[in-house]
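Reckoned from all heavy atoms, side chains included, excluding hydrogens, waters and symmetry mates. Both ligands and their constituent atoms are indexed starting at 1 by order of listing.
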Amino acid sequence: MKSIRSANISGQSVLMRVDFNVPVKNGKVLDDFRIQRVLPTIQFLREKKAKKIILISHLGQPDIKDKNKSEFSLAPIADHLEKLIGEKIYFTATLIGKELKKEIEKLPDGSIILLENIRFYRKEHENDKNFAKELVKIADIFINEAFSVCHRKTASLYAITEFLPSYAGILLEKELINLNKVIQKPKHPLVVILGGAKIKDKIFIIEKFKDKTDYILLGGVMANTLLKANDFSIGKSLYDKEAFTQAKNLRTGKTKLFLPGDFIVLDKNNQKQIRELGKITKDDKILDIGPIACDTFSKIISKAKTVFFNGPMGKFEDTRFGDGTKVIIDAILNNQKAQTIIGGGDTLLAFKILKPEYRIQNTEYRFFSTGGGAMLKYLAGEQLPGLQALSK
Ligand code: ADP
Ligand code: MG
């Protein structure tokens, strides 16, 4: 993999794939962790006198028919970036074609340009070569600075590398160095905490971790799905049917897999209740793990020497259901002996909401990754297409 530091940048137009997929509400960025982490790279490119810095990102998972929906537009992110950098950020709704090329050529040297949501194009998902060829017309070199999407084989990460000299960004390198540090020789007990809502992406990770980890603690929709697939009643709780086959046939090897034995639910009168597994009624909706699960999980975390954490334990955005995730966060922060890797957009947002006094900061033994699914896959020893493309 070639490093951005070895690239000849001066006078070149640089196309950089970033991940500015951050939570946005009513046109305001709620958490800019991922944007902040790319600022040093943008600074680096400016110091090296890049002719143009063209940024590509996605936001959310829009459908083709969502193309004009403002909730998927990167416009608010351009505004936010402008405030952070203190300079004009050019934003363009056109992504490809001659028009864009003309538009960009008109801009002064050193300009930073953010393109609209790349996922508005189906060909991005399809890793379409012709689409990638269109994209590269506006640039001389490509930089992958989007570790968190490297687990997806898409045009702006994969096919694109066939048509431009391609380099790993500063943040991407930092992610790999920090993750490599823990996976090369992890100290045991190794505890993996998995929650959240993106089940299809993550459920197979459980099996990948078998025999490598000592404990896997499950919460969130991940736990719901596993329980439901194995015929436990979970009432009206959210789960992912598409992951059922995997959830039923899960082999965990030597790893001790822990599911919550109690939950916080909303009952049929919309009242918050504690419910033990086995006593969940058909109208209950699981929204957090219960106090006994919190206790069990924290004890395990307190003895860990290595911890990987991705995915909130409950619907933490509603603070009534944030306790489970907060207990896990506290247990992680209190264990200062463990090498800890924490990642995922919502997981980091949970730190911000539930632990506002804590400043998210990397230390010798704790690393906050910008990746969720990508981080898990990498930690589990999977090949990531985005990285493979850079190594070719
Ligand atoms: P990350 O972004 O950290 O990788 P995910 O995107 O997989 O995490 O999942 C985060 C989402 O999961 C949050 O929006 C949270 O509200 C949701 N969630 C977790 N547990 C539940 C639950 N029991 N019911 C509904 N939503 C849940
Ligand atoms: Mg998420």
Side-chain angles (χ1 to χ4, degrees), residues 19-25 30-31 33-34 58-62 119 147-152 192-206 217-228 232-243 259-260 262-267 270 272-275 277 280 284-290 293-294 297 307-329 332 341-355 360 368-380:
D19 179 1
F20 288 169
N21 181 27
V22 296
V24 179
K25 204 171 177 183
L30 298 184
D31 182 21
F33 175 79
R34 280 182 173 154
H58 70 283
L59 181 68
Q61 304 191 325
R119 286 195 182 160
F147 171 72
S148 41
V149 255
C150 279
H151 58 316
R152 310 215 187 269
V192 177
I193 310 148
L194 271 181
K198 283 189 201 149
I199 311 311
K200 277 192 300 298
D201 269 3
K202 294 174 189 169
I203 193 157
F204 88 100
I205 300 280
I206 298 177
L217 315 179
L218 297 184
V221 183
M222 185 69 94
N224 295 355
T225 305
L226 232 79
L227 290 169
K228 176 88 180 166
F232 285 92
S233 157
I234 59 162
K236 286 196 176 131
S237 314
L238 217 61
Y239 63 94
D240 186 346
K241 206 167 179 174
E242 281 182 58
L259 283 154
D262 63 342
F263 299 90
I264 305 296
V265 305
L266 270 190
D267 69 9
N270 262 326
K272 199 172 134 177
Q273 308 284 358
I274 299 174
R275 285 267 202 269
L277 183 63
I280 294 167
D284 288 342
K285 197 170 180 188
I286 298 173
L287 290 162
D288 198 4
I289 59 173
C294 283
F297 286 8
V307 176
F308 304 154
F309 175 34
N310 167 257
M313 295 290 105
K315 199 174 176 187
F316 70 93
E317 297 92 334
D318 179 337
T319 43
R320 288 178 297 170
F321 309 111
D323 290 352
T325 308
K326 180 153 192 294
V327 166
I328 299 299
I329 289 176
I332 289 173
I341 308 277
I342 301 155
D346 291 293
T347 306
L348 289 162
L349 183 63
F351 270 78
K352 210 163 166 176
I353 292 177
L354 303 170
K355 204 79 191 160
I360 293 180
F368 289 91
S369 172
T370 50
M375 172 195 90
L376 283 175
K377 282 189 182 171
Y378 194 82
L379 290 172

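Given atom 11 (C) of ligand 1, the protein heavy atom at minimum distance is A197 CB, 3.9 Å. The single protein non-hydrogen atom nearest to atom 7 (O) of ligand 1 is K202 NZ, 2.8 Å, given as residue, atom name and distance. Of the protein's non-hydrogen atoms, the one nearest atom 25 (C) of ligand 1 is L238 CD2, 3.8 Å. Nearest non-hydrogen protein atom to atom 19 (C) of ligand 1 is G314 O, 3.2 Å.
Test L227, I289, L194, N224 against L218 for side chain to side chain contact (heavy atoms under 4.5 Å, CB included) and you get one pass: L194. The one candidate from K236, K272, R275 that meets the salt bridge (Lys or Arg N to Asp or Glu O under 4.0 Å) condition with D284 is R275. Considering I342, T370, N310 as possible partners of M375, the one that fulfils the side chain to side chain contact (heavy atoms under 4.5 Å, CB included) test is N310.
Close contacts of ligand 1 with T347, meaning ligand atoms under 4.0 Å from a residue heavy atom, involve 1 (P), 3 (O).
For G195, the closest heavy-atom approach to ligand 1 does not fall below 4.0 Å. Using a 4.0 angstrom heavy-atom cutoff, K285 does not count as in contact with ligand 1.
Scanning I342, D346, N21, V221 for the heavy atom closest to atom 21 (C) of ligand 1 points to V221.
Side chain of D288 to main chain of G324: a donor-acceptor pair is present (N/O by atom type, distance under 3.5 Å, no hydrogens or angles). Remark: side-chain polar atoms of N21 are not paired, donor with acceptor, to backbone N or O of H58 under 3.5 angstrom.
Residue-to-ligand polar distances place E317 within reach of ligand 1: an N/O pair is separated by less than 3.5 Å. Residue-to-ligand polar distances place I286 within reach of ligand 1: an N/O pair is separated by less than 3.5 Å.
Shown here is K377, whose NZ atom has more than 12 heavy atoms of other residues, nucleotides or ligands within 6.0 Å. Counting heavy atoms of neighbouring residues, nucleotides and ligands inside a 6.0 Å radius, atom NZ of K241 does not exceed 12 of them.
Among the heteroatoms counted here (N, O or S) of D346, OD2 is the one nearest to the Mg ion (ligand 2).
Residue-level proximity to ligand 1 for N310 is carried by the side chain, the only part with a heavy atom below 4.0 angstrom.
Ring planes of F309 and F351: tilted class, angle from 30 to 60°.
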